[in-house]
Visitor: 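Following this message is one structure expressed as structure tokens.
Each chain gets a letter, A, B and so on, in the order its sequence line appears, and its residues count up from 1. Just the heavy atoms: all of them, side chains too, but no hydrogens, waters or symmetry mates, feed the values below.
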Amino acid sequence: MSRMVTIISTMETQVSNGPSGTSLPNGPVISTNGATDDSKTNLIVNYLPQNMTQEEFKSLFGSIGEIESCKLVRDKITGIHDASAGQSLGYGFVNYVDPNDADKAINTLNGLKLQTKTIKVSYARPSSASIRDANLYVSGLPKTMTQKDMEQLFSQYGRIITSRILVDQVTAGISRGVGFIRFDKRNEAEEAIKGLNGQKPLGAAEPITVKFANNPSQKTGQALLTQLYQTAARRYTGPLHHQTQRFSLIPPFGKGPDPNNSTKPILDNLLNASYGVKRFSPITIDSMTSLAGVNLTGPTGAGWCIFVYNLSPEADESVLWQLFGPFGAVTNVKVIRDFTTNKCKGFGFVTMTNYDEAAMAIASLNGYRLGDRVLQVSFKTSKQHKA
DNA sequence: TCATATT
């Protein structure tokens, strides 16, 4: 019965690290809200992979700079055993100590491909009731109408935060005639409904329907259970139809969901040489595991540790996220640096949760040409001898 | 008849 499961809105607080250098006796401290002014330290991150955890989220954004607080937003579910582990809503917030790091995070991580998603990193608007429930569902759109056309139609009612037209999965690219428009303010959305619901767009045969979109946090119990089932099932079978997408390296920047969000891909120089080039190493997984240092670091606690060799002195953590993120769940990355120069010593480590994803990343990235360097990628062994 | 953007 769907009424056995009720959803309450989330009012979680953001987990804080506390002031730097201060040790916290009882684990994470609960801060008051993140920045509520339009400070340049607080970011919103959208389109995160469903299975990304708070820890991975923090690890990813912590690689940019010191984090004041961060939070992966989740559903709070009552009526189900163990309500503490709510489903990720696919977005989160990061508040940096230094505004420069927030800027750097946008430039570096916006557009990053993680599994099947392309994440979006942008400044969070000041939290306010007026910006909530400003999302519209539009149906009956002419199949020829583009996202741009739709935005043009709706922009007369206010500032559009994001828009999307759903497309057919199989015939990839053909409009399903339905879409979403998120306005900056709820009252703008209300005006758009009044002005456009039941109206025919210039020259269209049929009128469109404009209404508020379903709120994800008030989904029915049934819908949530099927979603839980589907995400659970996917863990075992793997997202088969996404394989080609997962294992190709394509430019992560420039085609974000929001064209208004400018990206300055500072990693372009690092990744340019490899754009569009699929490089699959001929070395098989089996042959790799039987290579010299047989003592693989097993799935000890965190996951599978991967050794990455021949990184440039300028390499940073975000490069490793760029490279490995598309292959599956990455829990941690680390670039080994010289203590005095702070330059990369030529290698680093990546931890991945699942063996098959780690193996696929290795098979694809070992021998991968990054700029003018050829990477050596393998499972970490207990001893990395020098050749 | 709807993918997941405001703590």
Side-chain angles (χ1 to χ4, degrees), chain A residues 7-16 28 30-39 41-52 54 57-58 61 67-76 86-95 106 110 114-141 147 150 159-169 175-186 188-189 208-220 222-224 226-228 230-231 256-258 260-261:
Chain A
I7 313 302
I8 60 171
S9 65
T10 56
M11 288 296 285
E12 301 173 49
T13 37
Q14 203 162 343
V15 178
S16 169
I30 305 304
S31 78
T32 55
N33 253 332
T36 48
D37 55 326
D38 58 353
S39 72
T41 60
N42 198 30
L43 303 179
I44 184 166
V45 184
N46 296 296
Y47 311 108
L48 292 166
Q50 267 300 324
N51 58 9
M52 179 173 258
Q54 164 81 25
F57 183 58
K58 182 179 173 183
F61 284 88
I67 290 173
E68 188 277 326
S69 60
C70 71
K71 178 186 175 186
L72 180 69
V73 181
R74 279 175 260 171
D75 249 351
K76 257 271 171 65
Q87 270 272 300
S88 165
L89 288 182
Y91 68 94
F93 296 90
V94 180
N95 193 26
I106 292 175
N110 183 43
L114 292 177
Q115 298 170 234
T116 61
K117 306 283 183 152
T118 301
I119 71 170
K120 180 176 174 183
V121 185
S122 55
Y123 288 112
R125 289 172 288 161
S127 187
S128 146
S130 64
I131 67 172
R132 285 171 43 186
D133 302 317
N135 196 24
L136 296 180
Y137 175 72
V138 188
S139 59
L141 292 166
Q147 182 186 13
M150 184 174 69
R159 177 181 166 217
I160 294 169
I161 298 303
T162 194
S163 71
R164 169 169 297 181
I165 288 180
L166 301 187
V167 296
D168 190 88
Q169 285 292 321
S175 168
R176 291 169 54 193
V178 301
F180 296 90
I181 295 267
R182 179 179 299 277
F183 278 100
D184 183 38
K185 296 288 191 298
R186 181 185 169 88
E188 295 171 344
I208 61 173
T209 300
V210 184
K211 58 211 279 195
F212 282 109
N214 294 164
N215 195 312
S217 61
Q218 54 206 46
K219 204 181 281 186
T220 69
Q222 272 297 345
L224 258 165
T226 51
Q227 188 195 318
L228 281 167
Q230 282 167 351
T231 52
D258 179 4
N260 296 324
N261 191 296

Visitor: Could you tell me how far apart A:Asn51 (CG) and B:dT4 (C1') are, to the nearest whole angstrom?
Guide: 15 Å

Visitor: Starting at the 5' end of DNA chain B, which residue's closest nucleotide do you reach first, A:Arg182 or A:Tyr137?
Guide: A:Tyr137

Visitor: Send over the distance from A:Asp75 CG to B:dT4 P, rounded to a whole Å.
Guide: 15 Å

Visitor: For A:Asn215 and B:dA3, what is the distance between atoms CG and P respectively, to the nearest whole Å?
Guide: 14 Å

Visitor: For a quick test of reading the model, state the closest non-hydrogen atom pair linking A:Val178 to A:Ser139 and the distance between them.
Guide: CG1-CB, 3.6 Å

Visitor: With a 4.0 Å cut-off on heavy atoms, is A:Arg176 in touch with a base, just the backbone sugar-phosphate, or nothing at all?
Guide: sugar-phosphate

Visitor: Which whole-number value in Å describes the distance from A:Ile208 CD1 to B:dC2 P?
Guide: 17 Å

Visitor: Checking ring-ring contact (aromatic ring centres under 6.0 Å, His included) for the pair A:Phe212/A:Tyr137: CA distance, chi angles, key distance, verdict?
Guide: CA-CA 6 Å; A:Phe212 282 109; A:Tyr137 175 72; over 10 Å; no

Visitor: Do A:Ser88 and A:Gln54 have side-chain heavy atoms sitting under 4.5 Å apart?
Guide: no

Visitor: Quick check: on DNA chain B, is the nucleotide nearest A:Gly90 upstream (toward 5') of the one nearest A:Phe180, or the reverse? Name the residue that is more 5'.
Guide: A:Phe180

Visitor: Roughly, in whole Å, what's the span from CG in A:Asn95 to C1' in B:dT6?
Guide: 13 Å

Visitor: Closer than 3.5 angstrom, by distance alone: can the side chain of A:Arg182 be matched with the main-chain N or O of A:Thr162 as a donor-acceptor pair?
Guide: no

Visitor: Nearest to the side chain of A:Lys117 - B:dT6, B:dC2, B:dT4?
Guide: B:dT4

Visitor: I'd like to know if A:Asn135 reaches the base of B:dA3 with its side chain such that a donor and an acceptor end up less than 3.5 angstrom apart.
Guide: yes

Visitor: Look at the side chain of A:Ala213 and decide which nucleotide, out of B:dT4, B:dC2, B:dT6, has an atom nearest to it.
Guide: B:dC2

Visitor: Would you name the heavy atoms of A:Gly140 and A:Ile208 that are closest together and state the gap between them?
Guide: O-CG2, 3.6 Å

Visitor: Taking atom C1' of B:dA3 as reference, at what distance in whole Å does atom CD1 of A:Ile161 sit?
Guide: 17 Å

Visitor: Between B:dC2, B:dT6, B:dA5, which nucleotide has the shortest distance from any of its atoms to the side chain of A:Arg132?
Guide: B:dT6

Visitor: Output the single nucleotide from B:dT4, B:dT6, B:dA5 whose closest atom is nearest the side chain of A:Asn46.
Guide: B:dA5

Visitor: Give the rounded distance in Å between these two atoms: CG of A:Asp168 and C1' of B:dC2.
Guide: 15 Å

Visitor: Quick one: A:Gln115 CD to B:dT4 P, roughly how many Å, whole number?
Guide: 14 Å

